[in-house]
Every structure is written in C-alpha cells, then in structure tokens.
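Within every chain, numbering begins at 1; the chains are lettered A, B, ... in the order of the sequence lines, protein sequences first and strands thereafter. Predicted model, so just to flag it, every value in this text is computed and none were measured.
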Protein chains: 2
Amino acid sequence: MGPIRSLLSGAGLTEQQWRVLRVVQESGPIDPTQIADKACLLLPSLTRILQKLEEKQLISRERDKEDRRRQVVQIAVAGEKVIADNLEASLELMEQTRLKMGAERYEALLDLLNELDQIEMPE
Amino acid sequence: MGPIRSLLSGAGLTEQQWRVLRVVQESGPIDPTQIADKACLLLPSLTRILQKLEEKQLISRERDKEDRRRQVVQIAVAGEKVIADNLEASLELMEQTRLKMGAERYEALLDLLNELDQIEMPE
DNA sequence: CACAAATGCTACACATGTTAAGTAATTCAG
DNA sequence: CTGAATTACTTAACATGTGTAGCATTTGTG
C-alpha cells in the first residue's frame with residue numbers, strides 16, 4: 001500500500017478514508033454498519049473517518065427516516081471528483097504489483113491470506 | 001496475532017512491546033537503531049516503546065560511553081521473567097497456526113510475503 | 001581547529017486499531 | 001402499554017504507525 005498512500009496523500013486522503021469513500025461511491029446510499037463491514041473497519045474507527053470525510057465535504061450524512069438510530073451516507077460531488085481523479089492511478093499501481101510478483105503468485109498470496117483469516121477467526 | 005495479543009495482554013504487554021523485549025533479550029546489549037531494524041519499527045515508535053518498557057522496569061538503558069549519541073539497551077531481571085513466563089505459550093500458538101494451515105502453505109505464505117516486501121521496497 | 005554534514009534519538013502532530021462506556025432509538029416480553 | 005434488552009452510533013482512552021522537526025554528538029574536510 002505504500003505507493004498508494006503516496007498517491008492519496010497528494011489528494012489529502014489517507015488509505016482508509018479512500019477505502020471508505022470508494023465503498024460509499026460503489027454502493028450508493030448506505031449506512032455506517034454496512035460500510036464498516038465492507039471496508040473491514042470497526043465502528044469507532046469508521047465514526048472518525050466519516051467525520052473527516054464530511055468535514056472535507058466528500059460525503060453527506062443524514063438520519064434514516066424509518067429508523068432514527070441509523071444514518072444514510074452518500075457520496076458528495078467533491079467526493080466523486082476525488083475518486084475520478086485517483087481511481088485509475090490507484091488500480092494501475094495494484095496491477096503493477098501483481099505483474100511484478102507474477103499473477104499466479106499474487107493470486108496465491110491472496111488465497112493464503114484469506115485462509116489464514118479464516119483459521120484465526122473461526123467465527 | 002490475535003491470540004498472542006490476548007496472551008500478552010494478560011502480562012500487561014502489547015504485541016510490539018513483546019517483540020522489542022524479545023529482540024533485546026535475544027541479542028543482548030543493543031542500541032535502538034538495531035532494535036528498530038530487527039523488530040521492523042521506525043525509530044519514533046521505538047522511542048515510545050522503550051520508554052514504556054523502561055517504566056515497567058523490563059529493560060534498562062544507558063548512554064554508550066564511546067559515542068554519547070547512542071544508547072545501550074539491556075533486558076532487566078523483570079524482563080527476563082516476563083519472557084520466561086510467556087515465550088513457550090507464544091511459540092505454541094504460532095505452531096498451532098502453522099499446523100492448522102498446513103506447514104507447506106504456511107511456509108509458502110511467508111515466502112510470498114517476503115517477496116511482496118522485496119518488490120514494494122527495492123531499496 | 002572550525003564548520004558543514006551526517007548520525008542517533010526524541011518530540012510532535014495526525015490517523016487508526018481496539019476496548020470499554022455512554023447515548024438515543026427501537027423492539028419485545030409480560 | 002411499560003420497563004428490560006438490543007441496536008446503531010459516538011466518545012474516550014491508550015498504543016502505535018508515519019512524517020516532519022529539532023537537538024546533541026560525531027565525522028569529515030579544508
């Protein structure tokens with residue numbers, strides 16, 4: 001992730017802010033609990049990240065009208081722009097890593113990491 | 001590392017404090033720069049960790065007499081005891097993970113992670 | 001020897017993981 | 001319907017990673 005962090009720091013974003021922003025953009029209106037699940041974050045961390053993203057006006061939040069404990073998070077115009085400006089370069093960096101390692105070994109690494117994750121956390 | 005964190009939290013230590021303590025114990029008198037290298041930590045992080053370990057009296061520090069910019073870090077008696085009390089259980093947990101994954105896949109994972117590390121950081 | 005550059009650490013600021021509490025809103029049992 | 005769980009988040013506290021500065025000590029060079 002090092003190179004990607006460098007890329008994003010130019011946009012004033014951190015790695016996790018970027019991940020959350022992408023999740024929100026890809027999924028459309030979504031609540032924090034689901035974001036945390038998709039981005040593999042705990043709610044306390046997500047709370048702070050959403051606050052930062054809202055300050056930067058990259059996302060908008062409002063209460064759910066059906067269940068006022070919930071929020072609905074949406075990407076804002078500025079957020080769409082940030083993604084448009086960085087997504088391509090970000091994917092390119094990942095692809096480069098994949099090629100440098102060799103596609104097969106890259107996939108094997110991902111598989112083994114998933115397996116490790118399963119083992120450590122049976123539930 | 002989850003299970004190991006649980007084990008160590010019982011001893012009032014964090015994962016990195018434990019790693020640093022083990023490096024100091026294994027290497028004998030050593031300076032912070034070498035510790036950071038062996039434990040894969042940056043010096044600012046290590047500075048704080050050494051401060052905590054010194055507060056807990058698990059290590060001792062003194063200036064190097066030849067080069068007063070340097071320090072010499074040594075494990076203290078209480079530190080030896082902490083290691084004696086936890087090393088076996090810690091190694092056991094790692095071995096269990098290795099067996100659960102299968103020794104071959106476990107080694108393969110370590111190899112691939114090293115390879116990834118080499119690629120991302122040519123220097 | 002004097003001074004600039006390098007070295008070894010430390011101090012700070014900011015972001016996050018993690019655990020434990022706390023709050024508001026909803027659900028459910030009696 | 002009312003009080004006890006539960007749910008969805010937020011806050012707080014502590015430890016660490018990371019980048020940037022700063023300080024003291026050494027080294028290298030003229």
Side-chain angles (χ1 to χ4, degrees), chain A residues 1-21 23-24 29-56 58-73 117 120-121, chain B residues 1-21 23-24 29-56 58-73 117 120-121:
Chain A
M1 294 305 298
I4 293 194
R5 267 204 292 272
S6 301
L7 169 69
L8 296 175
S9 76
L13 282 184
T14 65
E15 187 184 322
Q16 287 76 284
Q17 289 169 2
W18 168 250
R19 192 159 73 240
V20 170
L21 193 61
V23 166
V24 173
I30 187 177
D31 63 276
T33 298
Q34 287 182 61
I35 297 175
D37 183 56
K38 294 198 183 199
C40 294
L41 292 169
L42 296 182
L43 272 176
S45 295
L46 184 60
T47 292
R48 284 178 307 216
I49 294 169
L50 289 178
Q51 288 166 345
K52 297 282 166 57
L53 291 177
E54 192 174 29
E55 281 175 21
K56 297 176 203 272
L58 301 182
I59 61 166
S60 64
R61 288 196 285 179
E62 55 182 38
R63 291 223 158 282
D64 184 315
K65 291 174 185 174
E66 327 262 301
D67 183 342
R68 287 184 303 177
R69 292 171 303 182
R70 272 179 213 189
Q71 297 174 15
V72 182
V73 180
D117 189 44
E120 292 287 4
M121 298 287 299
Chain B
M1 292 306 297
I4 294 194
R5 267 204 293 272
S6 302
L7 169 69
L8 296 175
S9 75
L13 283 184
T14 65
E15 185 184 324
Q16 286 75 271
Q17 289 169 3
W18 169 251
R19 192 158 73 239
V20 170
L21 193 61
V23 166
V24 173
I30 188 177
D31 63 277
T33 298
Q34 287 182 62
I35 297 175
D37 183 56
K38 294 198 183 197
C40 294
L41 292 169
L42 296 182
L43 272 177
S45 296
L46 184 61
T47 291
R48 284 178 308 216
I49 293 170
L50 289 177
Q51 288 167 346
K52 298 281 167 58
L53 290 177
E54 192 174 29
E55 280 174 22
K56 297 177 204 270
L58 301 182
I59 60 165
S60 64
R61 287 196 286 179
E62 54 182 40
R63 290 225 157 281
D64 185 317
K65 292 173 184 174
E66 329 260 301
D67 182 342
R68 286 184 302 177
R69 292 171 304 181
R70 268 174 231 244
Q71 296 174 13
V72 181
V73 180
D117 188 45
E120 292 287 3
M121 297 285 301

Is the shortest heavy-atom distance from the side chain of [X] to the side chain of [Y] under 4.5 Å?
| X | Y | value |
| --- | --- | --- |
| B/I35 | B/V24 | yes |
| B/R61 | B/I59 | yes |
| B/D64 | B/D31 | no |
| A/Q17 | A/K56 | yes |

Please lay out, stage by stage, how A/L13 and A/L58 fare under the test side chain to side chain contact (heavy atoms under 4.5 Å, CB included).
CA-CA 11 Å; A/L13 282 184; A/L58 301 182; 3.9 Å; yes

Report the distance from atom [atom1] of [X] to atom [atom2] of [N], rounded to the nearest whole Å.
| X | N | atom1 | atom2 | value |
| --- | --- | --- | --- | --- |
| A/E54 | D/dC9 | CD | C1' | 14 Å |
| B/Q51 | D/dA15 | CD | P | 12 Å |
| B/L50 | D/dA15 | CG | C1' | 14 Å |
| B/L13 | D/dA15 | CG | P | 11 Å |
| B/R69 | D/dT27 | CZ | C1' | 8 Å |

Using 0.5 Å steps for rounding, measure from the SG atom of B/C40 to the CG atom of B/L46.
12.0 Å

Roughly how far, to the nearest 0.5 Å, is NZ of B/K52 from OG1 of B/T14?
8.0 Å

Residues of residues 29-36 of chain B with a heavy atom under 4.0 Å from any atom of DNA chain D, listed by number, are none

Which part of the nucleic acid, if any, lies within contact of [X], taking any heavy atom under 4.0 Å across all strands shown: a base, the sugar-phosphate backbone alone, or nothing?
| X | answer |
| --- | --- |
| A/T14 | sugar-phosphate |
| B/R61 | sugar-phosphate |
| B/E15 | nothing |

Base versus backbone protein contacts along nucleotides 17-23 of chain D [heavy-atom cut-off under 4.0 Å; B, S, -]
BBBB---

Between which nucleotides of DNA chain C, read 5' to 3', does contact with chain B run, using atoms under 4.0 Å from its heavy atoms?
C/dA6 to C/dT18

Side chain to side chain donor-acceptor pair (under 3.5 Å) partner of A/D67, chosen from A/K65, A/R69, A/R63:
A/R69

Can you tell which of B/V73, B/I49, B/L41 makes a side chain to side chain contact (heavy atoms under 4.5 Å, CB included) with B/P32?
B/V73

Please name the pair of heavy atoms, one in B/L43 and one in B/A36, separated by the smallest distance, quoted to 0.1 Å.
CD2-CB, 4.2 Å

Under 3.5 Å, side chain of A/S9 to main-chain N/O of A/G12, donor-acceptor pair present?
no

Any donor-acceptor pair under 3.5 Å between the side chain of B/R68 and the base of D/dT25?
no

